[in-house]
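What follows is a single structure, written as structure tokens, with notes after it.
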Amino acid sequence: MASSDETSLVWLRDDLRLDDNPALAEAAGLGLPMTVLYILDEESEGIRPLGGAARWWLHHSLAALAADLESKGSRLVLRRGKSDAIVRKLAGQTKAGHIFWNRRYSQPERTIDAGLKDWAGENGIHASSFQANLLFEPWTIRTGAGGPYKVYSPFWRACMASADIRDPLDAPAALPEPAASGPGVPTSDTLASWKLLPTSPDWSTGLAETWEPGEKGAADRLADFLDGPVEDYGTGRNIPGTEGTSRLSPHLRFGEVSPFRVWREIRRRHPGKIPADVGIFRSELGWREFNWHLLYHNPDLATRNFRPAFDNFQWGRVSRSELAAWQQGKTGYPLVDAGMRQLWQTGWMHNRVRMAAASFLVKNLLTDWRIGEEWFWDTLVDADAANNPANWQWVAGSGADASPYYRIFNPVTQSKKFDADGSYLRAFIPELQGLEGKQIHEPWTAGADGYPAPLVDLAESRERALDAYQKLKDE
DNA sequence: AGTAGATTTGT
DNA sequence: CAAATCTAC
């Protein structure tokens, strides 16, 4: 029985937006005084703490979200600690009769959410969860035999053949007043007290110049991309020196834009047949869906080879200095180095270059993919629990529908092919500014002051990798 | 979503 | 003889 001072509680997590936010929309529709909560949880069992770049992003995204909520009459409550304890306590203090959230798909998070749903049921509180962050929930897409998919193409075909993708919801025009907790509204941590931003040194200058975290930044990025680059996506996405990709990944990671909104905006611009280039972009959203499908059905994707045969793989002993050279962009191979420096400076790396840089670490340096996965987790603004490990396993060949073992990128061939004019290399490697024409792809033939000599011989290290992978095949 | 080496094609 | 195409790993 609802009492007159009953309230609602919306718990936001990886959905830092007002647009197409089913949990928020449902709560707003109730009209009860409403608490909007975000929890920084680094304590619950199994939770993987955010990397440094993601912490920077989260700070700015929450600041933007708080301002957006306030402009509509609401307020963001920030709390830090164990999620289940905080939600239970706050629900009690605010006399919440209804709790709303949008679903998430990692094992530790699902365990917390399921526990809270049980607790709510036992305490007469209505807890409702919604589909908001994936177009297809991982358990709904099944093979003919009833199991999860292990190959991308049939997975995406099955998605496309399944039920229609729902329309996105508009952001609520206004939001209910904040719920009271005893004498006033619930206290909130200050964002600054979470110390998410780097100090001494502040390495975030390049990130701030590159990104606008928050819902407005996400919407602008989506519009800019769909109004131009997407029409030439098939080729444009491979040229790292241009703005040929959407750069939506961190916005999707933090839920500042809904995949349902992206889908609808594409459809709105192409009501008839979807052009091939636009279809390729949509299929990249499909890879995001596939990777979450994989994680849902394989919760230890970040630590365990998807293909158990790889448990016997003989990774090389990578020296501290070799790893540091890769991390710092000092391998002597311009495309790899430009990519690793772009990552360090901006928190992001072009996908074509990610493949080349990851291939170099895993195959030419024969490094366990988990080492690379951890570095990317710490330095990427867009790393999430599914896509980062799934993509590393794809490169290593240990994953589902993975790259074949003999696919070893040649960073010189790749940069000649995809950065022919060297504009990407020049943008991130000052030591190579002076090199003329094609010399920039092979600086050792010209000599460039301050730029390192190649860390390993490409042909030799390639043969070593092929031998190691061959051994695995022979077992 | 690859590379390298061999073979064929085209100017 | 360079570029496009084919093929095995």
Side-chain angles (χ1 to χ4, degrees), chain A residues 149-157 229-230 232-242 244-246 249 276-291 293-294 306-307 309-310 313-314 331 333-336 339 349-366 369 372-373 376 382 386-420 424 437-438 441-442 454 456-475:
Chain A
Y149 278 93
K150 297 184 168 106
V151 182
Y152 168 73
S153 298
F155 167 81
W156 191 231
R157 207 176 307 127
V230 74
D232 189 35
Y233 187 69
T235 52
R237 66 174 180 151
N238 282 318
I239 315 299
T242 66
T245 68
S246 75
S249 54
D277 285 279
V278 180
I280 295 170
F281 174 66
R282 290 209 315 192
S283 77
E284 295 302 321
L285 292 176
W287 275 99
R288 175 176 179 272
E289 301 283 326
F290 181 59
N291 290 335
H293 180 82
L294 289 178
F306 181 87
R307 294 168 58 186
F310 271 76
F313 190 88
Q314 297 286 311
T331 68
Y333 289 104
L335 189 69
V336 174
M349 197 194 306
H350 189 280
N351 184 248
R352 162 62 52 187
V353 190
R354 288 190 202 200
M355 292 189 286
S359 170
F360 187 81
L361 181 73
V362 167
K363 301 199 168 166
N364 296 95
L365 297 181
L366 222 53
W369 59 268
E373 194 275 343
F376 273 30
D382 63 24
N387 286 284
N388 196 47
N391 286 333
W392 274 96
Q393 293 220 47
W394 180 88
V395 171
S398 65
D401 199 14
S403 163
Y405 72 94
Y406 51 79
R407 188 175 290 167
I408 299 172
F409 287 70
N410 180 322
V412 178
T413 307
Q414 289 278 312
S415 74
K416 284 178 178 166
K417 194 168 170 188
F418 297 111
D419 189 41
Y424 179 75
K438 290 189 172 175
H441 303 292
E442 296 165 282
V456 292
D457 179 81
L458 286 183
E460 210 171 87
S461 55
R462 178 175 189 274
E463 287 309 313
R464 185 173 72 133
L466 285 171
D467 286 349
Y469 277 82
Q470 188 61 45
K471 262 185 199 155
L472 188 68
K473 255 180 76 179
D474 294 341
E475 275 173 15

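Only heavy atoms go into these numbers, but all of them, side chains included; no hydrogens, no water, no symmetry mates. On a predicted model such as this, the values are computed, not experimentally measured, just so you know. Within every chain, numbering begins at 1; the chains are lettered A, B, ... in the order of the sequence lines, protein sequences first and strands thereafter.
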Would you say [X] places a side-chain N or O within less than 4.0 Å of OP1 or OP2 belonging to [N]?
X: A:Arg352; N: B:dG2; result: yes
X: A:Asn351; N: B:dA1; result: no
X: A:Gln414; N: B:dT3; result: yes

Output the rounded distance in Å from [atom1] ([X]) to [atom2] ([N]).
X: A:Asn391; N: B:dA1; atom1: CG; atom2: P; result: 14 Å
X: A:Leu466; N: C:dA8; atom1: CG; atom2: C1'; result: 12 Å
X: A:Phe409; N: B:dA1; atom1: CZ; atom2: P; result: 9 Å
X: A:Glu463; N: C:dC9; atom1: CD; atom2: C1'; result: 10 Å
X: A:Arg464; N: B:dT3; atom1: CZ; atom2: P; result: 19 Å
X: A:Asn364; N: B:dG2; atom1: CG; atom2: C1'; result: 12 Å
X: A:Lys417; N: C:dA3; atom1: NZ; atom2: P; result: 15 Å
X: A:Asp467; N: C:dC9; atom1: CG; atom2: P; result: 14 Å

Worksheet item: Does a side-chain heavy-atom distance below 4.5 Å link A:Tyr149 with A:Leu294?
Response: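 They are not in side-chain contact.
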Worksheet item: Any idea how A:Phe313 and A:Phe310 line up, ring-wise: parallel (<30°), tilted (30 to 60°), or perpendicular (>60°)?
Response: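 Parallel, since the angle between the ring planes stays under 30°.
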Practice prompt. Anything under 30° is parallel, anything over 60° is perpendicular, the rest tilted; go ahead and classify A:Tyr469 against A:Tyr405.
Written response: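 Plane angle under 30°, so parallel.
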Worksheet item: Nearest to the side chain of A:Tyr406, which nucleotide is it out of B:dA4, B:dA1, C:dC9?
Response: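 Side chain of A:Tyr406 sits closest to C:dC9.
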Worksheet item: What is the nucleic acid contact for A:Asn238, judged by heavy atoms within less than 4.0 Å: base, sugar-phosphate only, or nothing?
Response: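 Sugar-phosphate, backbone atoms only, no base.
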Item to complete: Report which part of the nucleic acid A:Arg354 touches: base, sugar-phosphate, or nothing (heavy-atom distance under 4.0 Å, all strands).
Response: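 Answer is nothing: A:Arg354 stays at 4.0 Å or more from every strand.
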Worksheet item: Under the criterion side-chain contact (heavy atoms from CB on, under 4.5 Å), which of A:Arg352, A:Met355, A:His441 is the partner of A:Gln414?
Response: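 Answer to the side-chain contact (heavy atoms from CB on, under 4.5 Å) test with A:Gln414 among A:Arg352, A:Met355, A:His441: A:Arg352.
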